[in-house]
Amino acid sequence: MSTAPAFTPRVFSGIQPSGGLTLGNYLGALKRFVEKQEQGVETIYCLVDLHAITVWQDPSKLRHSTREAAAAFLAAGIDPARSILFNQSQVPAHAELAWIFNCVARMGWLSRMTQFKDKAGKNRENAAVGLFVYPNLMAADILAYHATHVPVGEDQKQHLELTRDIAIKFNHDYGVEFFPVVEPVIEGVATRVMSLRDGTKKMSKSDPSDMSRINLTDDADTIAQKIRKAKTDPEPLPDEVSGLESRPEARNLVNIYAALEDTTPTAVLRAFGGHGFGSFKPQLADLAVTKLAPISAEMTRLMADPAEIDRILGDGAARADAIARPILERCFDIVGMVRSRPV
Ligand code: TYM
């Protein structure tokens, strides 16, 4: 991995525990988090519960979703002995550094964030202030660990550019080389998994139609039914990737197949070019069930023991805090805060 010379490579990423995780989260993020762990680089993964409450969350559902998302990480292959896995609110450095960044980032930068515009919708006056400054907290998540590499799906690219801008401005304003300028890691064929009902819209947990997404908790029959009913066009699959250009739904299903099978769209079309969806969809459904059913079964098993999940998150939080706290203290020093409280 290439990185700025002064900073040791360290991977950080996060997922919001606001409702169940989707196939998009799995292929665009979770699966790739496991790959990073397997490459032996230091990996820190966070369930960003403070981000989740930028839109209303029922407290008991939030607690459940946080544990369920933790179960998804573990079931997908995150090993809490090799990666740090925790929930954001257990490490105060995130919120503290976010305040510093509220004073670094400019209103104009945040006004350009498309996720804010999408989520706030027409009624911007009524959006939580937290939703507007959300990207500053995201920058704090990453920079509190001096993380250098951030694996995410394509939709997070703009937020990572803002994280870079914040690091550059902080370093410039205070005349230091303190924060790394992070590398977004947006790789693979599933950086933007699309809705099963509309190939021009991202697959999302907030889509009102459950048929638009595959949830990691869906059973085999539900997965098969959702793929069978996925929107497609009447043409057979092309022989080459260029033939998918104006066919968003077909391209999406081919990309999902390739990502699940760890292969390329070219290889998928070599096998299925000329086939209609009547024969492709059942094969895709079988593949999805083969890959996802063990994860959802393991999640159910883990969820039977929430105390063990809480223990893992607590242990991860203590290890995360040990990294972030000294970085935050140095940041306060740079900014000019008097630090004299007895420890
Ligand atoms: P969130 O919770 O919306 O999504 C978590 C991760 O899943 C990816 N993703 C997708 N990838 C491909 N196709 C899709 N349809 C799809 N939907 C979601 C996202 O790109 C993301 O990588 N702001 C972040 C969470 C966050 C974070 C961070 C990420 C907070 N702090 C620090 C990285 C570093 C978010 O809302 O992701």
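One-based numbering, in listed order, for ligands and for the atoms of each. If you're wondering where the values come from, they're calculated on a predicted model, not measured in any experiment. Note that these values count all heavy atoms, side chains included, but never hydrogens, waters or copies made by symmetry.
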- Considering distance alone, does some N or O of His159 sit under 3.5 Å from an N or O of ligand 1? no
- Message: So, applying ring pair (Phe, Tyr, Trp, His ring centres under 6.0 Å) with Phe101, which one of Trp109, Phe179, Tyr134 is it?
- Response: Phe179
- Query: Should the proximity of His51 to ligand 1, defined as any heavy atom under 4.0 Å, be assigned to the side chain, the backbone, both, or neither?
  - Reply: side chain
- Just by distance, with hydrogens left out, do Asp198 and Thr200 show a side-chain donor and acceptor under 3.5 Å apart? yes
- Cut-off 3.5 Å, side chains only: do Asp58 and Ser60 have a donor facing an acceptor? yes
- Query: For ligand 1, which atoms, with element, lie under 4.0 Å from some heavy atom of Gly28?
  - Reply: 11 (N), 12 (C)
- Item | Winner among Met138, Met203, Arg32 once heavy atoms are compared against atom 28 (C) of ligand 1 | Met138
- Residues Asp315 and Arg319 bridged, charged N to O under 4.0 Å: yes
- Query: What do we get for Thr191 next to ligand 1 when only non-hydrogen atoms under 4.0 Å count, side chain, backbone, both or neither?
  - Reply: backbone
- Query: Just going by heavy-atom distances, which of Val152, Val11, Thr163, Val150 is nearest to atom 34 (C) of ligand 1?
  - Reply: Val150
- Message: With a heavy-atom distance limit of 4.0 Å, tell me whether Ser18 approaches ligand 1 through its side chain, its backbone, both, or neither.
- Response: neither
- Item | Asp239 side chain reached by Leu269 side chain, heavy atoms, under 4.5 Å | no
- Query: Does the side chain of Thr232 come under 3.5 Å of the side chain of Glu249 through a donor N or O and an acceptor N or O?
  - Reply: no
- Message: Polar contacts were defined as any N/O atom of the residue lying under 3.5 Å from an N/O atom of the ligand; does this apply to Gly24 and ligand 1?
- Response: yes
- Side chain, backbone, both or neither: which part of Lys119 comes within less than 4.0 Å of ligand 1 when only heavy atoms are counted? neither
- Is it the side chain (CB and beyond), the backbone, both or neither of Asp141 that lies under 4.0 Å from ligand 1, heavy atoms counted? side chain
- Task: Mind checking whether Val193 contacts ligand 1 via backbone (N, CA, C, O), side chain (CB onward), both or neither, at a 4.0 Å heavy-atom cut-off?
- Result: both
- Message: Below the 3.5 angstrom mark, is there an N/O of Ser13, backbone or side chain, next to an N/O of ligand 1?
- Response: no
- Message: Just by distance, no angles: are the side chains of Arg213 and Asn215 close enough, under 3.5 Å, to form a donor-acceptor pair?
- Response: yes
- Look only at interatomic distance and state if Gln156 has a nitrogen or oxygen under 3.5 Å from any nitrogen or oxygen of ligand 1. yes
- Would you check whether Lys202 has a nitrogen or oxygen atom less than 3.5 angstrom from a nitrogen or oxygen atom of ligand 1? no
- Query: Which word best sums up how the rings of Phe170 and Tyr174 line up, parallel for under 30°, tilted for 30 to 60°, or perpendicular for over 60°?
  - Reply: tilted
- Message: Please report whether ligand 1 has a polar contact with Gln115, defined as an N or O pair separated by less than 3.5 Å (distance criterion only).
- Response: no
- Query: Is ligand 1 less than 4.0 angstrom away from at least one heavy atom of Lys205?
  - Reply: yes
- Report the relative orientation of the aromatic rings in Phe12 and His94; use parallel for angles under 30°, tilted for 30 to 60°, perpendicular for over 60°. tilted
- N/O separation below 3.5 Å, Thr22 to ligand 1: no
